[in-house]
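To start, the structure itself, in structure tokens.
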Protein chains: 2
Amino acid sequence: MGLTKTENFTEAQNELAKMLKALAHPARIAIIEHLIKANACIGNDLVDVLGLAQPTTSQHLRELKEAGLIKGTIEGTAMNYCIDQVKWKQYADTLSTFFTTVNFPENCC
Amino acid sequence: MGLTKTENFTEAQNELAKMLKALAHPARIAIIEHLIKANACIGNDLVDVLGLAQPTTSQHLRELKEAGLIKGTIEGTAMNYCIDQVKWKQYADTLSTFFTTVNFPENCC
DNA sequence: ATACTATATTGCAATATTACGATTAATAAT
DNA sequence: ATTATTAATCGTAATATTGCAATATAGTAT
């Protein structure tokens with residue numbers, strides 16, 4: 001089917017899955033890492049950095065934008081993308097919480 | 001194409017993307033959360049918890065197992081799944097590093 | 001107005017993912 | 001031995017994702 005049964009799960013579970021999915025591609029990781037290094041970045045640099053075609057790059061940027069992780073401001077004819085600090089911290093918090101609220105039992109396999 | 005160009009990216013980027021992908025589905029989040037709450041778990045509980053068919057549940061469990069996040073021991077005719085503590089901490093570390101090594105510039109959009 | 005540059009969108013092909021019914025394998029119970 | 005019970009695997013249908021060529025859009029410069 002290829003279609004996730006979101007109605008079976010809680011809002012929080014769907015939300016977290018969506019967050020992880022937004023980053024679950026090496027190109028999108030590479031974009032984020034490049035933005036971190038560069039402080040800011042016009043989109044066309046990325047085409048070279050990623051080694052993907054321009055439309056593909058644009059598509060990955062859109063997914064990150066839709067996830068709220070990055071935001072872009074128009075700079076003449078170029079685009080100025082950078083990480084959305086607020087959303088980024090929100091991601092960090094949510095994931096940190098998810099990974100640290102585990103109580104490992106002694107008597108387990 | 002549907003085929004990721006992994007050769008364009010670093011080992012670390014591909015690895016991180018794969019980690020995130022393993023958890024990027026609400027059913028797999030739900031499985032992990034249930035394992036955390038229950039301490040341990042036989043697989044058939046999960047079919048009810050998730051509301052998905054038994055083969056679908058089994059498939060998600062396999063993906064988590066392949067990612068190394070959970071491990072299962074045979075318990076008679078049932079399966080005893082639990083979180084792999086070592087791998088879990090490794091995930092937590094890697095993600096924490098990724099999210100905290102960001103230096104936000106002042107002069108950005 | 002025309003040409004140039006940078007990014008977005010569209011359309012499409014190939015592969016991946018999600019889900020389930022049917023079947024299989026392996027142990028447990030009668 | 002036969003019959004449950006539990007979980008894995010196979011096969012398949014439907015949808016999603018990835019990637020690119022072609023095109024569109026929008027601003028810049030001449």
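Sequence lines set the chain letters: A, B, ... in the order given, protein chains first and strands last, and positions in each chain run from 1. As a basis for the values below, the full set of heavy atoms in this structure was taken, side chains included, without hydrogen atoms, waters or symmetry mates.
- Contact annotation for B/Glu75: no contact, since no heavy-atom pair falls under 4.0 Å across all strands.
- Listed by first and then second residue, the ring-ring contact (aromatic ring centres under 6.0 Å, His included) pairs involving residues 9-55 of chain B are B/His25-B/His60 (not counting sequence neighbours).
- Counting non-hydrogen atoms under 4.0 angstrom, B/Ile74 reaches nothing in the nucleic acid.
- Every pair tested for salt bridge (charged side-chain N to carboxylate O under 4.0 Å, His left out) that includes a residue from residues 84-98 of chain A fails, sequence neighbours excluded, so the list is empty.
- The salt bridge (charged side-chain N to carboxylate O under 4.0 Å, His left out) analysis of residues 42-55 of chain B, with sequence neighbours excluded, yields no pairs.
- Residues passing the salt bridge (Lys or Arg N to Asp or Glu O under 4.0 Å) test with A/Glu33: none are found, sequence neighbours excluded.
- For A/Thr10, the side chain to side chain donor-acceptor pair (under 3.5 Å) partners are A/Gln13, not counting sequence neighbours.
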Collect all protein-nucleotide pairs involving nucleotides 4-11 of chain D in which both atoms are nitrogen or oxygen and the distance is under 3.5 Å.
{"residue": "D/dT6", "atom": "O4'", "partner": "B/Thr77", "partner atom": "OG1", "Å": "3.2"}
{"residue": "D/dA7", "atom": "OP1", "partner": "B/Gly43", "partner atom": "N", "Å": "3.0"}
{"residue": "D/dA7", "atom": "OP1", "partner": "B/Asn44", "partner atom": "N", "Å": "3.3"}
{"residue": "D/dA7", "atom": "OP1", "partner": "B/Met79", "partner atom": "N", "Å": "3.4"}
{"residue": "D/dA7", "atom": "OP2", "partner": "B/Asn44", "partner atom": "N", "Å": "2.8"}
{"residue": "D/dA7", "atom": "OP2", "partner": "B/Asn44", "partner atom": "OD1", "Å": "2.8"}
{"residue": "D/dA8", "atom": "OP1", "partner": "B/Tyr81", "partner atom": "OH", "Å": "2.5"}
{"residue": "D/dA8", "atom": "OP2", "partner": "B/Ser58", "partner atom": "OG", "Å": "2.9"}
{"residue": "D/dA8", "atom": "N7", "partner": "B/Gln54", "partner atom": "NE2", "Å": "2.6"}
{"residue": "D/dA8", "atom": "N6", "partner": "B/Gln54", "partner atom": "OE1", "Å": "2.8"}

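- Counting 5' to 3', DNA chain C first comes under 4.0 angstrom of a heavy atom of chain A and last does so at the ends given by C/dT5 to C/dC20.
- In terms of the ring-ring contact (aromatic ring centres under 6.0 Å, His included) criterion, residue partners of A/Phe99 (sequence neighbours excluded) are, by chain and number, B/Trp88.
- In the region residues 11-33 of chain B, proximity to DNA chain D at under 4.0 angstrom, judged on heavy atoms, holds for none of the residues.
- Applying the side chain to side chain donor-acceptor pair (under 3.5 Å) test to A/Thr94 and every residue at least two apart in sequence or in another chain returns nothing.
- Among pairs with a residue in residues 3-29 of chain B, those fulfilling salt bridge (charged side-chain N to carboxylate O under 4.0 Å, His left out) read B/Arg28-B/Glu63, at least two apart in sequence or across chains.
- Nearest-nucleotide positions on DNA chain D for B/Leu3 and A/Thr4 put A/Thr4 closer to the 5' end.
- For B/Glu75, the side chain to side chain donor-acceptor pair (under 3.5 Å) partners two or more places apart in sequence, or in a different chain, are B/Asn80.
- Between the B/Thr100 side chain and the B/Ser96 main chain, a donor and an acceptor come within less than 3.5 Å of each other.
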